[in-house]
Amino acid sequence: MTSTITPDTSATVAISVEEQQFNDLIEADSRIEPRDWMPEGYRKSLVRQISQHAHSEIIGMQPESNWITRAPSLKRKAILMAKVQDEAGHGLYLYSAAQTLGATRDDMTDALIAGKARYSSIFNYPTPTWADMGSIGWLVDGAAICNQVPLCRASYGPYGRAMVRICKEESFHQRQGFEILLELMAGTEEQREMAQDSVNRWYWPALMMFGPPDDDSPNSAQSMAWKIKRHSNDDLRQRFVNMLVPQAAVLGVTLPDPDLHFNEVTQQWDLGEIDWTEFHEVLAGRGPNNAQRLQRRRDAHEEGQWVREAAAAYARKQYALTTTLEMAAS
Amino acid sequence: MTTPGDSAAEIWPLWEVFVRSNRGLSHVHVGSLHAPDETLAVRNARDLYTRRSEGVSVWVVPAAAITTSDPDAKGAFFESPAGKNYRHASYYSKSEGVKHL
Amino acid sequence: MSERINSDADSHADSHADDHGHADDHGHVDDHGHVAVDVTTLDAELIEGPSVATADVAEYALWLGDDSLILAQQLGAWISRAPELEEDVALGNVALDLIGHARSLLHYAGTASNRTEDDLAYWRTEPDFRSLHIVEQPNGDFAHTIARQFIVAHYLFELYSRLRASADATLAAIAAKAVKEVDYHRDHSTQWVLRLAHGTDESRRRMITALSDLWPYVDEVFRDNPLIDRLEGIAVRPSTLRSAFDAAIAPVLAEAELEIARGFVASGGGRTGTHSEHLAFLLAEMQVLTRAHPGASW
């Protein structure tokens, strides 16, 4: 079902009617929906990005859930529980979006626990202090929101819709983290030190969440052309830093970058050199907690296997029973 | 043609969730989830999609039970109304400006 | 405030979530692509009454508050470890309900001695806790957690149903909110008892083990205490809840074809500060950070 744009087929690439329709939809800033024709590369790119994003939410529960049982007040305990619970929900929304592209949650989970799937490297860092609950909310969720708000307009409908819901729910995540740090900075000397130390540890990894520099980001250009991604990595990183500087001033914390300075010409905050060696090390599985994170996910999945099987078996039995009863009645 | 996503290979099937956000409004599709059966599906939907008072009623439907129109037949299905302008009030321009019409 | 994120599935996200700066209704321009904070009417976080609890009422509120707190603490540990993501969310909701009850009850208990909910949760030692042994039993496998939930949620439902009529207005108000929530917990645990009991051979074996491991701690739940005599009309006499509890669980156990193991009966003593061996560890973990920073605020 192909047609050529011009009669001279030797000079132009043949493009199918479906592909033309797809291109037109992208061009018109419309949305691609699950049953639409799409290039295989687009589908693969989306499955890769959405499942990575889902895995990040799921693995991302761990560094924070470490502190649920030790939260220092009942109010903080409730907030943290609600937040980590949201992350389970967000992972679930995203797995559902990927599922519309033919990837099943079971397969994606298997890939994750087999160590074959990627997730955001930031969650391979440990959370030794309570202040890390503040830094994760303020810096990690802050960076995530910068990344995610543009994704609400991603060209793939189910992804965009999942992101809308996620962004809406996440609006409290960053604030609660900021307020944890605010409380610590207004507290005792020890608490202030705890906050600053934590910001020191999370600041650079948070900046790395936007991904490698644009000239070193192999998938970015195509994702932008397909409008899965709306802004470049460096662009988003710059916006994030511009946002952080005044917030850090409110908190009274120092951002650990001696080269950070305001550039009068660009009216932006210029940042110092990012140590990408560390990023690549963690990405390559040589971060502090990679093995532990995967093991815990695998344990939860494997220990839950008998429960999932039990419920599925019960459903089959109930279905068989109802069918028998209906047949007997008719 | 069914809605995409359901796979017989999965241990728990996929369900689509519809929430009525307020009395007087329709149930609107909000997303999906996994559940072993309809009893747990509707409970999971409540736990997942109404944590922030988003709803007063929930529907769940097995994803496999939904029949969708075929996007390849989009032309035959959805382009026929084009040109039938007489179905719209704005087509009747001569009565513009006359009150209560 | 910059842009509004709308979850209406019918509308395109971009009409609501614009990552380019624009002026909102109030004319502010915000260019960082942030998410608008929805204007929501927030309900009261705690149920508070105008009255100060007497020493006896405070002690009773502590009983109930500690049960909820310890159970919430245990359930909170499931989040990120549940058998499926949907269940992470479900158990999280149960834990959040319980922590809400605990906060209201401990807040009220604290009015008698000018202590906050956190003073009570974090600065009491084990003998001053009043929790029942059943809530102190560890999470175990999913079947143990479900068995514990099944017993406790059915008890709490009967308790709060009756406590709504308490002569103490604050306790009555707390019970009126809590009863609806524990009703859902009752249903959640019932659904799982049925599925585990009639699922696979393995799940049935695990469910039977869990129920027999937890059952020794049931009697303590319904034991009376001199405090109850002094709070006639205010507190619910635990022994009077037993028949309603038995009647409520009987049909579920019958459908699940589960029998109650008639074995050990634990001597209990939680209401007078004699606890299971598990509580000390649980408190050590729960209180560790707070106690390292006396006087700090969080």
Would you kindly say whether [X] and [Y] are connected by a side-chain donor-acceptor distance under 3.5 Å?
| X | Y | value |
| --- | --- | --- |
| A/Q305 | A/R308 | yes |
| C/T145 | C/W78 | yes |
| A/S198 | A/D132 | yes |
| A/Y95 | A/H90 | no |
| C/R81 | C/N139 | no |

Given heavy-atom pairs under 4.5 angstrom as the criterion, report whether the side chain, backbone, both or neither of [X] touches chain A.
| X | result |
| --- | --- |
| C/V89 | both |
| C/E86 | both |
| C/L106 | side chain |
| C/L194 | both |
| C/I99 | side chain |
| C/Y122 | side chain |
| C/N93 | both |
| C/A143 | both |
| C/A95 | both |

Among the options [options], pick out the one with the most heavy-atom pairs lying under 4.5 Å from chain A.
| options | result |
| --- | --- |
| C/A292, C/S80, C/A296 | C/S80 |
| C/Q191, C/E84, C/E45, C/R195 | C/R195 |
| C/A197, C/G92, C/G295 | C/G92 |
| C/T116, C/L196, C/L289, C/D201 | C/L289 |

Under 4.5 Å, counting heavy-atom pairs only, tell me which of [options] racks up the most with chain C.
| options | answer |
| --- | --- |
| A/L184, A/T109, A/N66, A/T69 | A/T69 |
| A/R296, A/Q62, A/K77 | A/R296 |
| A/A154, A/A310, A/A186 | A/A310 |
| A/E64, A/R105, A/E179 | A/R105 |
| A/V307, A/L74, A/T188 | A/L74 |

Examine whether an atom of [X] lies under 4.5 Å from a heavy atom of chain C, and if so say whether it belongs to the side chain, the backbone or both; otherwise answer neither.
| X | value |
| --- | --- |
| A/R316 | neither |
| A/S65 | side chain |
| A/E190 | side chain |
| A/M133 | neither |
| A/F240 | neither |
| A/I58 | side chain |
| A/L92 | both |

Revision key, fill the gap. side-chain hydrogen bond (donor to acceptor under 3.5 Å, both in side chains) pairs touching residues 289-298 of chain C, sequence neighbours excluded, are A/E183-C/S297, C/Q287-C/R291
Point to revise | Pair A/K83 + A/D141, salt bridge at N-O below 4.0 Å | key: yes
Exercise for review: Kindly indicate whether a cation-pi arrangement holds for C/R206 with C/F142, taking the cut-offs as under 6.0 Å to the six-membered ring centre and within 45° of the axis.
Suggested key: no
Review point. Hey, does the Lys NZ or Arg CZ of A/R70 hover above the aromatic six-ring of A/W67, less than 6.0 Å from the centre and inside 45° of the axis?
Key: yes
Review point. Looking at C/W192 versus C/F150, is the centre-to-centre ring distance below 6.0 Å?
Key: no
Review point. Aromatic ring centroids of A/F210 and A/H231 under 6.0 Å?
Key: no
**Study point:** Backbone of C/A82 reached by a side-chain donor or acceptor of C/D88 within 3.5 Å
**Key:** yes
Point to revise | Check: A/C167 main-chain N/O paired with A/H173 side-chain donor or acceptor under 3.5 Å | key: no
Point to revise | Candidate pair A/H53 and A/Q148, rule side chain to side chain contact (heavy atoms under 4.5 Å, CB included), full reasoning | key: CA-CA 10 Å; A/H53 195 159; A/Q148 289 171 355; 3.1 Å; yes
Exercise for review: Report, as yes or no, whether the 6.0 Å neighbourhood of atom CD on C/E277 holds more than 12 heavy atoms from other residues, nucleotides or ligands.
Suggested key: no
